[in-house]
Number of protein chains: 2
Amino acid sequence: MAAKNREGGSQPTINDVARIAGVSKKTVSRVINGSPLLNEDTRKRVQEVIRELGYVPNPQARALALRRNFLIGLVHDNPNAQTVLKVQQGILEAIRDTEFELVVRPVDRGMVNMLDDIRQFLERQRLFGVVLMPPISENDSLAELCRQIGCRYVRMGSAELDDPTNMVASNDREAVRDAIRYLIGEGHRRIGFVSGPHGFRSALERRLGFEEALEEADLKLPRSMVADGNYTFESGLLAAERLLDLSPRPTAIFASNDEMATGVLQAARRRGMDVPRDLSIVGFDDTPIASHIWPPLTTVRWPIATMARSAALKLTVSVTEGEQEVDEPSMFLSTLIRRGSVAAPPHN
Amino acid sequence: MAAKNREGGSQPTINDVARIAGVSKKTVSRVINGSPLLNEDTRKRVQEVIRELGYVPNPQARALALRRNFLIGLVHDNPNAQTVLKVQQGILEAIRDTEFELVVRPVDRGMVNMLDDIRQFLERQRLFGVVLMPPISENDSLAELCRQIGCRYVRMGSAELDDPTNMVASNDREAVRDAIRYLIGEGHRRIGFVSGPHGFRSALERRLGFEEALEEADLKLPRSMVADGNYTFESGLLAAERLLDLSPRPTAIFASNDEMATGVLQAARRRGMDVPRDLSIVGFDDTPIASHIWPPLTTVRWPIATMARSAALKLTVSVTEGEQEVDEPSMFLSTLIRRGSVAAPPHN
DNA sequence: TTGTAGGCGTTATCAC
DNA sequence: GTGATAACGCCTACAA
């Protein structure tokens, strides 16, 4: 009963191919995995049979034998829907037409045993690799965990968190510095800043960019010009209300992401202020909403999808492209997009 | 060499449990799968060992033996990021703390061999089940395909697309009818409609709701009051420009989703119109943007996340809850959320 | 260059 | 109730 003559609707197995091609399973296996030591004729014959049968290796069996699944995990605790989706799109683009699939795994950063949870996930599913999204990607223990259990990983972040093979980053600090320089260039001297949440590296980097630009220009601003936010619309709105209550109030506000910038815009509107006449606003991300609100938002375009695509390629390229190791870049530049929400300050 | 004394960091297997508990593999297997015919003492003893060892069954081996993976697929071709992400969240909520994982699979509806592509995906990964998102969920051949290859499925849609076990739906038509009734009740007589793309059931249902409400109220509107859109911001903007060029122009516009409604708002603004004084706007979805723009958008809340959660439960509940088959509902009601974008029409 | 034997960790069959 | 034994479909090691 070794060689059954597979009937019925089930898919062909390596045995079917071997039997029909008149070779052993192992030879078929070699063809599949592109082993170099193979008679050219044999290879062709086997490949022909594979094509005829429409044979495709069974991923479950492979996963069991290799102790490794062809699944890419996306681990994240990012609150921003747009960002998460862009990252997914980037990864999916990278693994399109490959044998890889994407498994999504949101985690709860508040949970005490979050790391255990992730470990379980990685170990049980035996993922081929994981893409770690910010802010959880900034957690060094998590990276260490991946290394320990032998799971490839790429961390996405707003700074160089790891060595280039395990990381893709954007230059948030510089990008924000440029944005603030631009505001200063337009004549603004009182610039408010709405920060991201404590503990986010992106929040820190953007804040540092802000401060660097001020220093460059010898602008000293009171601490009150910095208001805490947490990347949500509401927090942006509240922060702006605090900022706009100041006297003198800022003539421009930089919000550390677009969602908060939208909140700032809302706050201004509620006071009957006109943007950009009475207040200039700059955001960060260039999410769709940035160009869909009025006035369209001047913002920093963050190439998050590209970064994600590159992250996935770093994970998988050695498999799909042989060992040629096309060097994926690990640094991606954010750029300022000028739209309608910035103007020269009112001269009062 | 049958029973190795597992050392090193690898995870315990069913063999370890069996050896330590002094039973056979099969007995352990029975405990895991909750077989009814088992001595209570044996069960307890085995469970104790499982707990001590922290044993967890290997999903790859299971998948191979069962010819079925514990993966839930999400197949979609939906262009709206918010919607896709909400659906993911709903599914993830449903499978949280279960052995299931979520695999995301966007497809290209334009592709000629899309169905083959999906078939390959389902057959190769041997998914436990799939959630089909609109608009591709409306494709009957796809459902037929799932049935053929024995893959459970649940279709999400804006109407009853299938029998209740294989479907979750919302009552878009009624919901839009209510929304239009509301506009009429506020005094509007010239109501513009921005439709969704041709071929989307949701677009059709929303359109029918619009027409039913008009008929009820004996309102006859010229065809020109209906403008085609495709669920994007830009299409909403263009459609609104056409509508606002009419003479007399509409005093209210219903857009078939929030993104287009935002485009309508933008178009109005560009003409210096005040919303809602000069134009009332109603959207559909209640995405975050609806409450983040000014004025906040009156819209229909579409319980898409809840629907997705329910869809995933329909797929998995028989496994996680034994056979009790908690009846998940298959119809979910959309409701009108009144915010600031609607007022009585200007009396000119 | 190719084949044989055995293992990956689970479930199914069918005796006892 | 429980346990050998054989799948499941692939891969690795070693032999030929």
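If you're wondering where the values come from, they're calculated on a predicted model, not measured in any experiment. Naming convention: chains lettered A, B, ... in sequence-line order (proteins, then strands); numbering from 1 in each chain.
- Using modelled atom types, one side-chain atom of B:Arg45 and one backbone atom of B:Ala21 make a donor-acceptor pair closer than 3.5 Å.
- Distance CD1 (B:Ile14) to C1' (C:dT10): 6 Å, rounded to an integer number of Å.
- Between the CD1 atom of A:Ile32 and the P atom of C:dT2 there is a distance of 15 Å, rounded to whole Å.
- Rounded to whole Å, atom C1' of D:dG9 lies 14 Å from atom CG of A:Asn69.
- Closest non-hydrogen pair, A:His76 versus A:Ile136, comes out as CA-CG2, 4.3 Å.
- Annotation: cation-pi pair A:Arg152/A:Phe128 present, NZ/CZ under 6.0 Å from the ring centroid and within 45° of its normal.
- Relative ring orientation between A:Phe70 and A:Phe100 is described as parallel, the plane-to-plane angle staying below 30° on a 0-90° scale split at 30° and 60°.
- Between its opening and closing five pairs, the helix from C:dT1-D:dA16 to C:dC16-D:dG1 changes axis direction by 40°, a value rounded to 10 degrees.
- Residues B:Leu38 and A:Val28 each lie close to DNA chain D; by heavy-atom proximity, the contact nearer the 5' end of the strand is made by B:Leu38.
- For the pair B:Glu123 CD and D:dC8 P, the interatomic distance rounds to 17 Å; values are reported in whole Å.
- In this structure, the nucleotide among D:dA6, D:dG1, D:dC11 sitting nearest to the side chain of B:Asn39 is D:dG1.
- Using a 4.5 Å heavy-atom cutoff, the side chains of B:Val103 and B:Gln125 are not in contact.
- For A:Leu64, counting side-chain heavy atoms from C-beta on, the closest listed nucleotide (C:dT11, C:dC8, D:dG3) is C:dC8.
- Rounded to whole Å, the distance from NZ on A:Lys25 to C1' on C:dG3 is 12 Å.
- When the nearest nucleotides of DNA chain C are assigned to A:Ser24 and B:Ala61 by heavy-atom distance, the more 5′-ward of the two goes with A:Ser24.
- Residues B:Leu315 and B:Ile72 are in side-chain contact: their nearest non-hydrogen atoms beyond the backbone lie under 4.5 Å apart.
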Is there any protein nitrogen or oxygen under 3.5 Å from a nitrogen or oxygen in nucleotides 12-16 of chain D, and what are the pairs?
none

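- Using a 4.5 Å cut-off on side-chain heavy atoms (C-beta onward), A:Ile304 and A:Phe332 make no contact.
- The distance from atom CG of B:Asn15 to atom P of D:dA4 is 12 Å, rounded to the nearest whole Å.
- Inspection of the A:Gln11 and B:Arg124 side chains reveals no N or O donor paired with an N or O acceptor under 3.5 Å.
- Residues from residues 40-48 of chain B lying near DNA chain C, meaning a heavy-atom separation below 4.0 Å, are absent.
- We find that CZ of B:Arg126 is positioned 16 Å from P of C:dT11, with the value rounded to whole Å.
- Contact annotation: B:Thr27 reaches the phosphate of D:dG3 (side-chain N/O to OP1 or OP2, under 4.0 Å).
- A 4.5 Å side-chain heavy-atom check between B:Val75 and B:Phe121 finds at least one atom pair inside the cut-off.
- For A:Thr13 and D:dG9, the shortest distance from a side-chain N or O to OP1 or OP2 is not below 4.0 Å.
- The side-chain heavy atoms of A:Asp117 and A:Arg105, taken from C-beta on, include a pair separated by under 4.5 Å.
- B:Asp77 contributes no side-chain N or O that, together with a main-chain N or O of B:Asp108, makes up a donor-acceptor pair within less than 3.5 Å.
- At whole-Å resolution of the value, CZ in B:Arg124 and P in D:dG9 are 14 Å apart.
- For A:Asn113 (side chain) and A:Asp116 (main-chain N/O), no donor-acceptor pair under 3.5 Å exists by modelled atom type.
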